[in-house]
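One structure is given below, encoded as C-alpha cells.
Start at 1 with the first residue, then count along the sequence. FYI, side chains are in, hydrogens and waters are out, and symmetry mates aren't considered; it's all heavy atoms of this structure.
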Amino acid sequence: MFWEPGIKLIIESLIRLGRPMLEGCTSPQTVLSQVSDVGTAAARGFLSRVFVIEIDKRGPEARIAALPVQQWGEYQAQSGRSKKQVFVQEVDRAVGAPFVIPSGGNPTRPQGRYGVPAYPAYERHVKGFIKSAGEAEKFLAGRIDRTIGLHLTDDEIKEAAVQLHKAAKTISADAKDKLLGLVVLAVLEENGPYRLSSKIPRGDTSLAYLGPSVLQKDKYLAAELDIVKERFWEARLAEGAEMGEREGEEAACYFCGARGRVVSSYCKAWPWFTTTWNCPISIKLKNKDLVETTAVCPRCYSALTYGANLFNKLAKPIDNWLTKELFSPSATAVGRSISKMGTPETIFGCAYVLPVLDNVLDDEDYCLDFVDGINSMLNNSPRGNRVDLHLQEITGFELQLPEEMSGDDYRLTIIYYSGDVSRGDIHLRATIEDVVPSVARKLKNITREIGNLAVDTAAELYPEVSEKYRAFLKKCYTSLPYLLSTSYGAPYIWKTLSTVLHRGPISRKRFLLNLAGRMNELSRKLPDYRELNDEVIFYIAFSEFLDKYNRLIAVETGNGGSNLMRNWRELRRMIAEGPVNELSFQNAEELGFAAGYLVRVFSRQYWHASNGKDFIKHRVMTFGSSLTPSAIWKRALARVDEYALKLNMHISNDLRQRFAVVLMEYSRLKDDVNRDKDAFMAAFWAGYALAGDKKEPGEKNE
C-alpha cells in the first residue's frame with residue numbers, strides 16, 4: 001500500500017524546500033528557531049515562566065538545584081488603543097531549550113521524542129508542581145524516558161522534582177493569565193548540550209543563555225546550539241522510526257535513492273498523515289510497517305521536518321470576507337446574499353518557492369539568496385530597497401514573494417486546505433504547482449487595473465460614490481479569487497484559479513450564463529436597480545479582465561462561443577451620437593447593449609408620461625414573466641411607436657431611426673442572439689444602466 005501520488009509530490013517539495021535551509025546556509029540559532037515552536041505566538045505563555053533545574057553530573061554524585069523562576073522575554077503594550085500587554089519572548093534564549101507544542105492527541109501527556117530536556121508545562125502541570133513534589137516527579141519521569149541522550153537515576157529524578165516543586169511554590173496559583181511554563185533540565189556532563197560559561201553569552205550565535213548558575217557562583221548556564229541542533233534532529237528521526245525503520249543495502253530512500261538506514265515518512269511536524277486514519281493506510285498494514293510505504297533517509301527526513309515547519313509558518317488564513325465569496329453560489333443572487341450571512345469554514349493557504357533546477361543551490365551565493373528569501377517570506381516585512389512582490393490579490397492570503405525569487409528560474413507552489421490540523425483532519429482543497437512568478441506579476445497588474453475600472457464604472461452609475469463603497473470595490477475587484485468565484489462558482493474556483501495561473505483558457509460562456517441568471521433574478525426587483533447595477537459593474541470589469549488576460553497572458557483563448565463586445569464607452573458614443581446610417585453591431589452582445597441603451601432612453605420619457613411607471617416592469621415584464629431577448633424585441637423595441645401614441649409622447653425622429661436600426665440588426669443577428677442569449681441579456685442590462693447618470697425617483701443611489 002502506497003501514499004496517494006499527489007501526497008508524495010508534496011513530501012518531495014517539502015524536502016526540496018527544507019534541504020538548502022538545513023545544509024550549510026543557516027546558523028544553528030536560525031535553524032532551531034524555525035524548526036521548533038519557540039518563536040511562535042503559541043509559545044509565549046510557556047516562556048513567561050521558565051523553570052531551569054541545574055543538574056551537575058561531572059562529579060561522583062550529581063548536584064541538583066533550581067534557578068529562580070525566569071521570564072524569557074518581557075510584557076509589551078499592544079499597538080493601537082488597547083491597553084492590554086502581551087508577553088514577547090526572547091527567541092535568542094529560547095533556542096537553547098527548543099520544544100514543539102503538540103498538535104494532536106492529548107497535549108498534556110508525553111508525546112513524540114524530546115531532543116533536549118525542555119518540556120512545555122500546561123496549567124494543570126504547573127498547579128501540580130505547586131501542590132507537591134510527587135506531581136512534579138510524575139511529569140518528569142514520563143518525559144525523561146523520551147528524551148534523546150538523557151540518563152538520570154530514580155534518585156536524581158526525585159531530587160529534580162523536589163527542586164521543581166520548591167521553585168514553583170514561589171509563583172502565585174491565582175495568576176490572571178494561564179499558568180503555563182517551560183521545564184528545562186540543564187544537565188552538565190561530557191559531550192552534553194549544556195555547559196557553564198564565565199560570562200553571559202550575549203551576541204554569540206553559537207550559544208544561548210539559560211540563566212545564572214546556582215551551583216557555581218559567577219558562572220552562567222549556556223546551551224551549545226550545535227549540539228542542541230544535533231539532538232533535536234535525532235529526536236525527529238526517532239519519531240519517524242516509531243512507524244518503522246530499515247537498515248542495509250536493500251533499504252533505499254524513496255526520494256534520493258540513498259541506501260542504508262531509512263525511516264517512515266511519518267512526521268509530527270506536519271500532521272497531514274495520521275496513523276489513526278483507516279485510509280490511506282491499508283488495514284493490512286501495521287503502523288510499525290509504515291516504512292514500507294515511503295521510506296526516507298535521515299538526510300531527507302531532516303529536510304522534510306524543516307520544510308514542514310516552514311510550511312506551517314508560511315500558512316495563512318484566507319480573509320473571512322473572501323471565504324464567504326468563495327462558497328457563494330454564482331448562479332443565484334439570493335443564494336449569494338444568504339451564503340454571506342453565515343460563518344464559513346476557515347480556508348488556509350500556503351505558498352513557497354523552489355528553484356527550477358536544484359543544482360543551482362550548490363552555488364553558495366545562490367543558496368544564501370534562497371535562504372534570505374525564505375526568511376523574508378517568514379518575516380513578511382519590508383527589506384530596505386528590495387522590490388518584493390506582494391501577491392495577496394492573486395492568492396487570497398498574505399504572501400510576499402522576495403525580489404530574488406520573482407524570476408522565472410523559480411516556481412511557486414500554492415496549497416489550499418481546511419480542517420483541524422491538530423487532529424490530522426485535513427481537507428486538501430487544491431495544490432497548484434509550477435506557477436511562474438512573472439505570470440503572477442502580470443495577473444496582479446491586471447487586477448489592479450480592474451479594481452480602478454470597477455470604481456470608474458460605479459461613478460457612471462451613481463451621482464456619488466462614497467469612500468467606503470470605493471474601498472469595497474477595490475478590495476473585491478483586485479482579488480483574483482473573488483473575480484473567478486463570482487464568475488464560475490464555488491465548484492470551479494480551484495480548477496479555474498489553477499488554469500489562470502498556468503495561462504490556460506477560461507470560458508466566457510459560463511461567466512455570462514451565471515451573470516445573466518443573477519441579472520434575471522434581480523430584474524424582478526425593479527424599479528430598485530441597486531443590486532442590478534452591481535452586476536453591471538461586475539459584467540464590465542470581468543469582461544475587461546478576460547480581454548486583458550486573453551491578450552496578455554493566456555496561451556490560447558477560451559471565449560466559449562461568444563465574441564467580446566467593443567469598449568462600452570465607444571459603443572455608447574456610437575449608439576447615442578454616431579450617424580444613423582453607420583450604426584452596426586458585430587455580435588449579439590453589442591446588439592444587446594444597444595437595445596438596453598435605447599430602451600432606457602425611452603423609459604425615461606415613459607416614466608414622465610405615465611405618472612411614474614417603470615417601462616420594463618409595466619410593459620415588458622408583464623405578470624412577473626422573465627425578461628428574454630424575444631420579449632425585448634416583441635414588447636419593447638417593436639412597439640415603441642404604439643406606446644408613444646397611447647400616451648401622447650413625443651419621440652424624436654432620430655430616436656425612432658435608431659430603434660429601427662436595432663430592429664433590423666436584430667433580424668440580421670437573430671441566430672446569434674438565440675445562440676448567445678446570456679451574452680445579449682447581460683449586455684442589455686449594461687446598456688440600460690449605462691445610458692446616462694440621470695436617475696428617476698425610486699432608483700437607489702450609493
Verify ring-ring contact (aromatic ring centres under 6.0 Å, His included) between Trp494 and Tyr416, making sure each step is shown before the conclusion.
CA-CA 9 Å; Trp494 307 120; Tyr416 295 93; 4.5 Å; yes
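- With contacts defined as side-chain heavy-atom distances shorter than 4.5 Å, the pair Leu591/Phe684 does not qualify.
- Within 6.0 Å of atom NZ in Lys313, more than 12 heavy atoms from other residues, nucleotides or ligands are found, so the atom counts as buried in its surroundings.
- Side-chain atoms of Phe348 and Ser418, non-hydrogen and from C-beta on, never get closer than 4.5 Å to each other.
- With sequence neighbours excluded, the residues that form a side chain to side chain contact (heavy atoms under 4.5 Å, CB included) with Val640 are Phe602, Ile651, Phe659.
- Between Val439 and His502, the closest side-chain pair of non-hydrogen atoms is not below 4.5 Å.
- A 6.0 Å sphere centred on CZ of Arg656 holds more than 12 heavy atoms belonging to other residues, nucleotides or ligands.
- To the nearest 0.5 Å, the span separating OG1 on Thr447 from CZ on Phe545 amounts to 7.5 Å.
- Atom CE of residue Met621 and atom CZ of residue Arg524 lie 6.0 Å apart, to the nearest 0.5 angstrom.
- To the nearest 0.5 Å, atom OH of residue Tyr488 and atom CZ of residue Arg510 are 9.5 Å apart.
- Using a 4.0 Å cut-off between a side-chain N of Lys or Arg and a carboxylate O of Asp or Glu, Arg675 and Asp672 qualify as a salt bridge.
- With a 4.5 Å cut-off on side-chain heavy atoms, Glu665 and Ser584 count as touching.
- Rounded to the nearest 0.5 Å, atoms CG (Leu497) and CD1 (Ile394) are 8.5 Å apart.
- Taking a cutoff of 4.0 Å between a charged side-chain nitrogen and a carboxylate oxygen, Lys509 and Asp678 do not qualify as a salt bridge.
- Taking all atoms of both residues into account, the shortest heavy-atom contact from Ala541 to Leu453 is CA-CD2, 4.0 Å.
- Between Glu393 and Lys475 there is no salt bridge, since none of the side-chain N atoms of the basic residue sits less than 4.0 Å from a carboxylate O of the acidic one.
- Listed here is the closest heavy atom pair of Arg619 and Tyr643: CD-CE2, 3.7 Å.
- At least one side-chain heavy atom of Met681 sits under 4.5 Å from a side-chain heavy atom of Ile632.
- Smallest separation of non-hydrogen atoms from Val536 and Ala686: CG1-CA, 3.8 Å.
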Show the numbers, then the answer: is there a side-chain contact (heavy atoms from CB on, under 4.5 Å) between Val353 and Leu401?
CA-CA 8 Å; Val353 186; Leu401 190 61; 3.1 Å; yes
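- Among the candidates Val435, Leu391, Leu480, the single residue satisfying the side chain to side chain contact (heavy atoms under 4.5 Å, CB included) test with Leu443 is Leu480.
- Between Arg572 and Glu460 a salt bridge is recorded (basic side-chain N to carboxylate O distance below 4.0 Å).
- Atoms CD1 and OG1, on Ile318 and Thr346 in that order, are 9.5 Å from each other to the nearest 0.5 Å.
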Taking it one step at a time, do Phe538 and Leu483 satisfy side-chain contact (heavy atoms from CB on, under 4.5 Å)?
CA-CA 8 Å; Phe538 188 80; Leu483 293 173; 4.0 Å; yes
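- Of the possible donor and acceptor atoms, one in the side chain of Asp388 sits under 3.5 Å from a partner among the backbone N and O of Glu403.
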Chi angles and distances behind the salt bridge (Lys or Arg N to Asp or Glu O under 4.0 Å) call for Arg429, Glu345
CA-CA 12 Å; Arg429 301 281 179 169; Glu345 181 181 18; 3.0 Å; yes
Do Arg566 and Glu589 pass the salt bridge (Lys or Arg N to Asp or Glu O under 4.0 Å) test, and can you show the C-alpha distance, the side-chain angles, and the key distance before you say yes or no?
CA-CA 9 Å; Arg566 278 175 282 180; Glu589 203 164 345; over 6 Å; no
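- Counting heavy atoms from C-beta outward, Ser523 and Ile616 have side chains that stay 4.5 Å or more apart.
- Between Glu449 and Lys548 a salt bridge is recorded (basic side-chain N to carboxylate O distance below 4.0 Å).
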Assess whether side-chain contact (heavy atoms from CB on, under 4.5 Å) is satisfied between Tyr410 and Leu354, documenting all intermediate values.
CA-CA 6 Å; Tyr410 282 96; Leu354 294 170; 5.8 Å; no
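- Side-chain N or O atoms of Asp547 include none that pairs as donor or acceptor with a backbone N or O of Ser543 at under 3.5 Å.
- Judged by distance alone, with hydrogens and angles left aside, the side-chain atoms of Arg508 form no donor-acceptor pair with the main-chain N or O of Ala679 at under 3.5 Å.
- Between Phe593 and Trp568, the ring-plane angle classifies as tilted under the 30° and 60° cut-offs.
- Of all the heavy atoms in Ala490 and Phe327, the pair that sits closest is CB-CA, 4.0 Å.
- Minimum interatomic distance between Ser376 and Pro402 (heavy atoms only, all atoms of both residues): OG-CG, 3.3 Å.
- Using a cutoff of 4.0 Å between basic side-chain nitrogens and carboxylate oxygens, Arg518 and Glu521 are not scored as salt-bridged.
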Test side-chain contact (heavy atoms from CB on, under 4.5 Å) applied to Thr628 and Lys677, step by step:
CA-CA 8 Å; Thr628 63; Lys677 291 180 181 179; over 6 Å; no
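- In terms of modelled atom types and a separation under 3.5 Å, the side chain of Glu544 and the main chain of Ile540 share no donor-acceptor contact.
- Within 6.0 Å of atom NZ in Lys316, more than 12 heavy atoms from other residues, nucleotides or ligands are found, so the atom counts as buried in its surroundings.
- We find the OG1-CD1 distance between Thr395 and Ile415 to be 13.0 Å, quoted to the nearest 0.5 Å.
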For Tyr352 and Ser13, what are the C-alpha separation, side-chain angles and deciding distance, and is it a side-chain hydrogen bond (donor to acceptor under 3.5 Å, both in side chains)?
CA-CA 9 Å; Tyr352 50 90; Ser13 67; 2.5 Å; yes
Criterion side-chain hydrogen bond (donor to acceptor under 3.5 Å, both in side chains) on Arg503 and Tyr549, from CA distance to verdict:
CA-CA 8 Å; Arg503 305 168 62 201; Tyr549 172 75; over 6 Å; no
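- Side-chain contact between Arg530 and Tyr462 is present, with at least one heavy-atom pair separated by less than 4.5 Å.
- For Asp319 (side chain) and Leu322 (main-chain N/O), no donor-acceptor pair under 3.5 Å exists by modelled atom type.
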Under the criterion side-chain hydrogen bond (donor to acceptor under 3.5 Å, both in side chains), I'd like the reasoning laid out for Tyr688 against Tyr529: C-alpha separation, chi angles, the key distance, then a yes or no.
CA-CA 11 Å; Tyr688 188 89; Tyr529 288 86; 2.9 Å; yes
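- Heavy-atom minimum distance, Ala454 versus Leu473: O-CD1, 3.9 Å.
- Checked by atom type and distance alone, the side chain of Asn514 pairs as donor or acceptor with a backbone atom of Ser487 at under 3.5 Å.
- A donor-acceptor pair is defined here as one N or O able to donate and one able to accept, closer than 3.5 Å; such a pair exists between the side chain of Asn312 and the backbone of Ala308.
- Ring-plane geometry between Tyr482 and Tyr477 is classed as perpendicular, the angle between the planes exceeding 60 degrees on a 0 to 90 degree scale with a lower cut at 30.
- The aromatic rings of Phe511 and Tyr539 sit parallel to each other, their planes meeting at less than 30°, with 60° as the upper class boundary.
- Salt bridge Glu577/Arg658: absent, no basic N to carboxylate O contact under 4.0 Å.
- Considering only heavy atoms from C-beta on, His427 stays 4.5 Å or farther from Tyr417 through its side chain.
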